[in-house]
2 protein chains.
Amino acid sequence: MEEKKYTKYSNIRINYKLWMSSETGDAIIDDDKWQLLIAIQKHGSLKAGSDIMEISYRKAWGDLKKIEEILGFNIIEKHRGGKAGGVTYLTEDGNKLIQNYIEFRAEFQDAVDLIIRKFKKRLKD
Amino acid sequence: MEEKKYTKYSNIRINYKLWMSSETGDAIIDDDKWQLLIAIQKHGSLKAGSDIMEISYRKAWGDLKKIEEILGFNIIEKHRGGKAGGVTYLTEDGNKLIQNYIEFRAEFQDAVDLIIRKFKKRLKD
DNA sequence: ATACGTTAGGAATTAAGGTTCATATCAGTG
DNA sequence: CACTGATATGAACCTTAATTCCTAACGTAT
């Protein structure tokens, strides 16, 4: 049977975080916000989105407000009142933005996972 | 003359953060700590390192302490007193660790910059 | 023996974000 | 027309991390 090879680095993990920002560095979209937007898209409300993401409504609302300020265009359209109490849905720009982010994120992840695997393999020697 | 093409995403930047951690997720090395270690290596003291990195000595000291606790082996060796008041230098393990990090970081960056460029180019269309 | 500059580390303070709270607004429904 | 549930937003509160503050220990040089 094979002996598991032990090295000083055997318990090391590589992590990364990816996000979009404006040129001035203000954060726009990261994984959390991207998931929040998807949850909103799926459920039609900011409240549902924040519940799913397990963050406060206040934060979700504030985050999106800031994002739109920075971007300079609207990615969601919100309405209060009505049948459901209120609704929020993504604008065309919003949909495009997360679509771009999703594609990019996937490519990024593929590329990065490859080199991480390569690196970890080398660590074993 | 060429008109600069303007798009909704023209002012978007891609950012990423990379770090090593233990399997339990505790942070070990990120860019700041890696630079701190290099500064220590270069100047022979934790104090000099923290000054260069513009963080408090207390934080640098605490960070390294935590890192070594998590790793389970020493990456620096510290001595107080003496000619310079005290010295700190990297152990062989410490040198290996940052060497690995540096190599990995460079590869990571190359791979990632490539796909970021590709992505930004696509955004323009 | 005193001075100097660094390591060592507990304790208090400050800063930054997020959460909670409170209150208002809105539009469809019973 | 009261009721409901979501959006809107300031303000107070909480949590966690980092900075500042202090005091001590150490070893070489003067």
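Basis for what follows: all heavy atoms, side chains included, without hydrogens, waters or symmetry-related copies.
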Mind checking the CZ-CD1 spacing from Arg105(A) to Ile29(A)? Nearest 0.5 Å is all I need. 13.0 Å
Which nucleotide, dA6(D), dT7(C), dG10(C), lies nearest any side-chain atom of Lys47(B)? dT7(C)
What is the distance from NZ of Lys33(A) to P of dG17(C), rounded to the nearest Å? 11 Å
Give the rounded distance in Å between these two atoms: CD of Glu77(A) and P of dA8(D). 11 Å
Does the side chain of Trp61(B) get closer than 4.0 angstrom to OP1 or OP2 of dA8(C) through an N or O atom? yes
In this structure, how many angstroms lie between the C1' atom of dA8(C) and the CD atom of Glu69(B), rounded? 14 Å
Looking only at side-chain atoms of Ser56(A), point me to the closest of dT28(D), dT20(C), dT7(D). dT20(C)
Consider the side chain of Ile55(A), meaning its heavy atoms from C-beta on, and name the nucleotide among dA8(C), dT19(C), dT9(D) that approaches it most closely. dT19(C)
His79(B) NE2 - dA8(C) C1' separation (whole Å): 14 Å
Would you mind reading off the distance between Leu64(B) atom CG and dT7(C) atom P, rounded to a whole angstrom? 11 Å
Would you kindly give the CD-to-P distance between Glu68(A) and dT7(D), to the nearest whole Å? 13 Å
Quick one: Arg58(B) CZ to dC22(D) P, roughly how many Å, whole number? 15 Å
Can any side-chain N or O of Lys33(A) pair as donor or acceptor with the backbone N or O of Leu64(A) at less than 3.5 Å? no
Side-chain N,O (Thr88(A)) to OP1/OP2 (dA6(D)) below 4.0 Å: no
Picking from dG28(C), dA8(C), dA8(D), which would you name as closest to the side chain of Lys83(A)? dG28(C)
Take atom NZ of Lys66(A) and atom C1' of dT9(D), then tell me their distance rounded to the nearest Å. 15 Å
If you only use heavy atoms from C-beta on, which nucleotide in dA8(D), dT7(C), dA11(D) is closest to the side chain of Arg80(A)? dA8(D)
Identified side chain to side chain contact (heavy atoms under 4.5 Å, CB included) counterpart of Val87(B) within the set His79(B), Arg80(B), Lys78(B): His79(B)
Output the single nucleotide from dG28(C), dG18(C), dA8(D) whose closest atom is nearest the side chain of Lys59(A). dG18(C)
Crowded around Lys17(A) NZ? As in, over 12 foreign heavy atoms under 6.0 Å? yes
Of Gly81(A) and Asp63(A), the one whose closest DNA chain C nucleotide lies more 5': Asp63(A)
For the pair Thr91(A) (side chain) and Asn74(A) (backbone), establish whether a donor and an acceptor sit closer than 3.5 Å, ignoring hydrogens and angles. yes
First encountered from the 5' end of DNA chain D, between Gly82(B) and Gly85(A): Gly85(A)
